[in-house]
> 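Quick one: this structure, given as structure tokens, is what I'll be asking you about.
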Amino acid sequence: MNGRQSDLSRESDASLPIRGRVAHITYQHPETHFTVARLKTEDGAKITIAGHLPGVRSGETLHLRGRWKNHPRFGAQLEVEGFEVLLPAAAEGIRTYLNAGALAGLGPKTADRLVACFGAETLTILDHSPERLKEVPGIGAKRAAAIAEAWSAHSQLRRLIRFLQTCGVSPLHTGTVHRLYGAEAEAQLREDPYQLAEDLPGDGFPVADAIARHLGLDTGSSRRQTAAVCHLVTRANAEGHVWCSRWRLLEAASRRFGIAADDAEAALAHLTAAGRLIEEPIADAPDDTAVYPADLHTAEGCIARRLAALRTVPAPALSEDSGRIAEQVLAALSIVPSADQLMALQGSLGQRAAIVTGGPGTGKTTLIRAYAALMRTAGRRTLLAAPTGRAARHLADVSGMPSATIHRLLGYDPREDRFLHHAGNPLDTDALIVDEASMIDTVLMASLVEALPMSATLLLVGDARQLPSVGPGNVLADLIDADCLPVYTLTDIFRQAAAGPIVINAHRIRRGQLPETATEEGEEAEFRFIEAEDPAVAVAAVLRLCLDLPPQLGLDPLRDVQVLTPMHRGEVGTVHLNQVLQQALNPMRGGKGRFHPGDKVMHLKNNYPKAVFNGDIGAVVGLDAESGGLQVDFDGRLVVYEQAELDQLALAYAITVHKSQGGEYPAVILPLLTQHYPMLQRNLLYTAVTRARRRVVIVGSRKALAIAVANDRPTQRLTGLRERLMAAFRATADS
């Protein structure tokens, strides 16, 4: 560490101003814009900065405010609290600034031509006379317009950052606000900041409230009160709850936002009168009510009514000789079913709707193969679907039939935000098989059953002990608990490999028992535990495993070994682990971008035009130095990303356990420490373990492992689906 940095780092309690040029961006999260970078200060020192820096690129000069923090692995870092981009004035500085990728889609060659033509006036031309860009040799009208548009967006972002920082808003939110409102962002926020609370559910209200206070708006306005109540309901939904307690809602409005009970009640009454929220009695709490967002209330009712109606239609028999057909199909598939499987297969074939559940190794996949083959043999049009792209591909592989994500099956139109298939335009099928049903949230399940024709049969397959859906609800567990549909639980460990420690320990975790683990000395063990109480020690162990396991097991180090972690933040979260693993497994070979050729990356949002979906993992196979774009190989299919689309990608050396749902990997490495306490849950641990086929290594503390196994808290999600199902099925039985 140089002397200058050492002197500054002693003033850790003071917020320091520092000016310098970004030499290199080590890491930048595509959604949160959390950035780790090297900064060359005015006096020549090189320091590490870390914080939310939306839009910041290599080559830019920054004026920063921050506090020194000693990172246990990487030493002193300046934790950025606020920043401003300072544009260069001289021609050579402008050339360096643009060459470093400051402007999306502007490559080094084009940047050199701009500066050669306009010199020190380049940025002034971009700001005030962009039509003159056509004077640059080799730049036509179309290219000039694209550069001007990119520069305008870049400038708008800088101005928005300044405005939000004067309001005391973290740069964390700048990118999201800019994507929402574009060039009109500041004007929109000044006119009606609480519109942001509606347009950005969850995070929007705190930002809107900070802006409103800075602008001197009335904190007792009804606009603020209704926005606060909506925010609290939305936060409950983000935690997985379909409804929240009215009493707790009013208490939270007072405690967190200083809103009097009478005012909060008035806001709630206004929202219910407008149909945005719906209140219902709670059976075991006569003095309280359940507060639902209208769409979730409608979705729960739709699921209950449609499934109850479906069950009233008799299930058609396969044929007069269905037993012989089943025997022939099982023989053709070389399947000798267990007693559990045979009972589930025979039972579900006679039902209009049924559920098959069970732990790993109990034969759920084999049953899907048999069920699908029987339906096909009987001439029934059969569709297969799963919630994620990876799960859908796995389902297609094991069944030998086409499979799709539920969104693709229903024909999701992102422009209209609706499905093409619904009750008025149902799916063209006689049978629908849905795998990984534990991942389906309330709204998606409602859309699925609404699009299912009443003449079709429905088979839901999943493991209710895995993590529930990311979205609100606990659909599969509620369907099972309601006891309205036939549920076939597979318990016999069926596949031959099931005698191994991974499957055995998965079932132990499922029952609330600690897994039986080998120590670090047992390097050939299928299920290992490596003690590491200190986060830095855990990171080092994870890195060593990523380097050592592939040659030991004959695995591809990027494709076959997956690090799973409970959280994004912290030293043992995805952000830091990806930074460390990228540096070790795929060090930069030229260029200064966030992604390098060979990087393991994950696609973050469903992109139907590109046919890549949330959670898909691929490898970077090429970079375009001129445009800043890149190419990613997804299982042999090349997908091209423009620079403006790179926020759809993130490094995937380490991913969260939630993102791993529906996937399988030969080897899984799971750091599990007490710093992960908010996420230490039995179903998270169980889900992580069941992602592995050949090797599981848990790195962490036995205390954290014990906490996770003991904590079955996620079953307490607040939903009304179970009661609605029971009521709907009673009503159809009585009619």
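Numbers here are sequence positions counted from 1.
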> Carefully, step by step, assess Gln562 and Arg691 under the rule side chain to side chain contact (heavy atoms under 4.5 Å, CB included).
CA-CA 9 Å; Gln562 184 61 60; Arg691 299 308 91 201; over 6 Å; no
> Under the rule for side chain to side chain contact (heavy atoms under 4.5 Å, CB included), what residues qualify as partners of Ala446, not counting sequence neighbours?
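Once residues adjacent in sequence are excluded, the partners of Ala446 under the side chain to side chain contact (heavy atoms under 4.5 Å, CB included) criterion are Ala299, Cys302, Ile303.
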> Give me each pair satisfying side chain to side chain donor-acceptor pair (under 3.5 Å) with a member in residues 653-662, each pair once, sequence neighbours excluded.
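Sorted pair list: Asp599-Tyr653, Asn614-Lys659.
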> Could you give the distance from CG (Leu670) to NE2 (His676), rounded to the nearest 0.5 Å?
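Interatomic distance, Leu670 CG to His676 NE2, rounded to 0.5 Å: 8.5 Å.
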> At their closest point, which heavy atom of Val657 faces which heavy atom of Ala688, and how far apart are they?
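It is CG1-N, 3.8 Å.
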> Please check this pair: side chain of Thr357 against backbone of Gly462, looking for a donor-acceptor N/O pair closer than 3.5 Å.
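Such a contact is found between Thr357 side chain and Gly462 backbone.
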> Shortest non-hydrogen contact from Leu558 to Gly598?
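So the two residues come closest at CD1-O, 3.0 Å.
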> Return yes if some donor-acceptor pair links the side-chain N/O of Asn425 with the main-chain N/O of Leu420 below 3.5 Å, else return no.
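Yes; at least one donor-acceptor contact below 3.5 Å.
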> Measuring from Leu427:CG to Leu410:CG, what's the distance to the nearest 0.5 Å?
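Between atom CG of Leu427 and atom CG of Leu410 there are 5.5 Å.
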> Test side chain to side chain contact (heavy atoms under 4.5 Å, CB included) on Ile502 and His507; report intermediate values, then the result.
CA-CA 9 Å; Ile502 292 177; His507 284 272; over 6 Å; no
> My understanding is that only residues two or more places apart in sequence, or in another chain, count here; which of them pass side chain to side chain contact (heavy atoms under 4.5 Å, CB included) with Gln631?
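Here the qualifying residues are Val621, Leu638, Val640.
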> Sequence neighbours left out, what passes salt bridge (Lys or Arg N to Asp or Glu O under 4.0 Å) with Glu516? Give chain and number order.
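Applying salt bridge (Lys or Arg N to Asp or Glu O under 4.0 Å) to Glu516 gives Arg508.
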> Donor-acceptor pair, distance only, cut-off 3.5 Å: does the side chain of Arg369 make one with the backbone of Thr365?
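Flag not set: sc Arg369 to bb Thr365 has no pair under 3.5 Å.
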> Provide the closest heavy-atom pair for Asn237 versus Val242 in the form atom of the first, atom of the second, distance.
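Shortest heavy-atom separation between Asn237 and Val242 comes out as ND2-O, 3.5 Å.
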> Please list, chain by chain and in numerical order, all residues satisfying salt bridge (Lys or Arg N to Asp or Glu O under 4.0 Å) with Asp463, sequence neighbours excluded.
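If we apply the salt bridge (Lys or Arg N to Asp or Glu O under 4.0 Å) test to Asp463, skipping adjacent residues, the hits are Arg510.
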> Is any side-chain heavy atom of Ile406 closer than 4.5 Å to one of Val434?
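They are in contact (side-chain heavy atoms under 4.5 Å apart), so the answer is yes.
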> Consider only side-chain N and O atoms of Asn474 and Thr719, and report whether a donor and an acceptor are under 3.5 Å apart.
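No - no donor-acceptor pair under 3.5 Å links their side chains.
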> Name all pairs fulfilling the side chain to side chain donor-acceptor pair (under 3.5 Å) condition that reach into residues 429-455, sequence neighbours left out, sorted by first residue then second.
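Sorted result for residues 429-455: Arg381-Asp430.
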> Going by salt bridge (Lys or Arg N to Asp or Glu O under 4.0 Å), name the pairs with one or both residues in residues 550-565, residues two or more places apart or in two chains.
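Every pair satisfying salt bridge (Lys or Arg N to Asp or Glu O under 4.0 Å) with a residue in residues 550-565: Asp556-Arg559.
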> Where is the tightest heavy-atom contact between Pro597 and Leu623, given as atom of each residue plus distance?
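Taking every non-hydrogen atom into account, CD-CD1, 3.5 Å.
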> Would a distance-only check, ignoring hydrogens and angles, find a side-chain to backbone donor-acceptor pair under 3.5 Å from Asp616 to Val612?
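Such a contact is absent between Asp616 side chain and Val612 backbone.
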> Could I get the full list of side chain to side chain contact (heavy atoms under 4.5 Å, CB included) partners for Pro557, not counting sequence neighbours?
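Applying side chain to side chain contact (heavy atoms under 4.5 Å, CB included) to Pro557 gives Pro550.
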> Return the minimal non-hydrogen interatomic distance between Leu476 and Ala437, and the atom names on each side.
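Result for this residue pair: CB-O, 4.0 Å.
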> Please confirm whether the backbone N or O of Val709 pairs with a side-chain atom of Arg682, one donor and one acceptor, at under 3.5 Å?
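Yes.
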> Side chain of His241, backbone of Trp243: donor and acceptor closer than 3.5 Å?
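The answer is no, because no donor-acceptor pair under 3.5 Å joins these two groups.
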> If you take all heavy atoms of Ala456 and Arg352, which pair is closest and at what distance?
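Of all heavy-atom pairs spanning Ala456 and Arg352, the closest is O-CD, 2.8 Å.
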> Just by distance, do the side chain of Thr687 and the backbone of Leu467 share a donor-acceptor pair under 3.5 Å?
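Side chain of Thr687 to backbone of Leu467: a pair is present.
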> Name each donor-acceptor pair under 3.5 Å that joins a side chain in residues 482-491 to protein atoms two or more places apart or in another chain, with its distance.
from: Tyr488; atom 1: OH; to: Gly347; atom 2: O; distance (Å): 3.3
from: Thr491; atom 1: OG1; to: Asp340; atom 2: OD2; distance (Å): 2.9

> Is Met454 atom CE crowded by more than 12 heavy atoms from other residues, nucleotides or ligands, each under 6.0 Å away?
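Yes, enclosed.
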> Taking side chain to side chain donor-acceptor pair (under 3.5 Å) as the cut-off, I'd like each qualifying pair that reaches into residues 295-312, sequence neighbours left out, listed once.
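For residues 295-312, and leaving out neighbouring residues, the side chain to side chain donor-acceptor pair (under 3.5 Å) pairs sorted by first residue read Glu280-His297, Tyr292-Glu300, Glu300-Arg724, Arg311-Gln351.
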> When you compare the side chain of Leu409 with that of Leu432, does any pair of heavy atoms fall below 4.5 Å?
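Yes, at least one pair of side-chain atoms sits under 4.5 Å.
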> Taking atom CG of Leu721 and atom CG of Leu479, what is their separation to the nearest 0.5 Å?
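So the CG of Leu721 and the CG of Leu479 are separated by 5.5 Å.
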> For the CZ atom of Arg693 and the OH atom of Tyr665, what is their distance to the nearest 0.5 Å?
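These two atoms lie 10.0 Å from each other.
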> Taking the side chain as everything from C-beta on, heavy atoms only, tell me whether Tyr371 gets closer than 4.5 Å to Ile433.
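Yes. Closest side-chain heavy atoms under 4.5 Å.
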> Only counting residues at least two apart or in another chain, list the ones meeting side chain to side chain contact (heavy atoms under 4.5 Å, CB included) with Leu553.
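Side chain to side chain contact (heavy atoms under 4.5 Å, CB included) list for Leu553, sorted by chain: Leu549, Leu555, Arg694, Arg695.
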> Nearest 0.5 Å, please: how far is CG in Leu651 from CD1 in Ile617?
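If I round to the nearest 0.5 Å, the distance is 11.5 Å.
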> Parallel, tilted or perpendicular for Phe634 and His603, by the 30°/60° rule?
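Perpendicular.
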> State whether Asp481 and Arg722 are salt-bridged, where the test is any N-O pair (Lys NZ or Arg NE/NH1/NH2 against Asp/Glu carboxylate O) under 4.0 Å.
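Here Asp481 does not pair with Arg722 in a salt bridge, since their nearest N and O are not under 4.0 Å apart.
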> As a quick check of understanding, evaluate side-chain hydrogen bond (donor to acceptor under 3.5 Å, both in side chains) for Gln341 and Lys364, giving each step before the final call.
CA-CA 8 Å; Gln341 285 179 313; Lys364 297 189 300 294; over 6 Å; no
> Sort and list the pairs that fulfil side chain to side chain donor-acceptor pair (under 3.5 Å) and have at least one residue in residues 396-410, not counting sequence neighbours.
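As it turns out, there is no side chain to side chain donor-acceptor pair (under 3.5 Å) pair with a partner in residues 396-410 once direct neighbours are skipped.
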> Side chain to side chain contact (heavy atoms under 4.5 Å, CB included), that's the test. Do Leu649 and Leu604 meet it? Break it down for me.
CA-CA 6 Å; Leu649 292 173; Leu604 298 174; over 6 Å; no
> From Phe529 CZ over to Leu514 CG, what is the distance, rounded to the nearest 0.5 angstrom?
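These two atoms lie 10.0 Å from each other.
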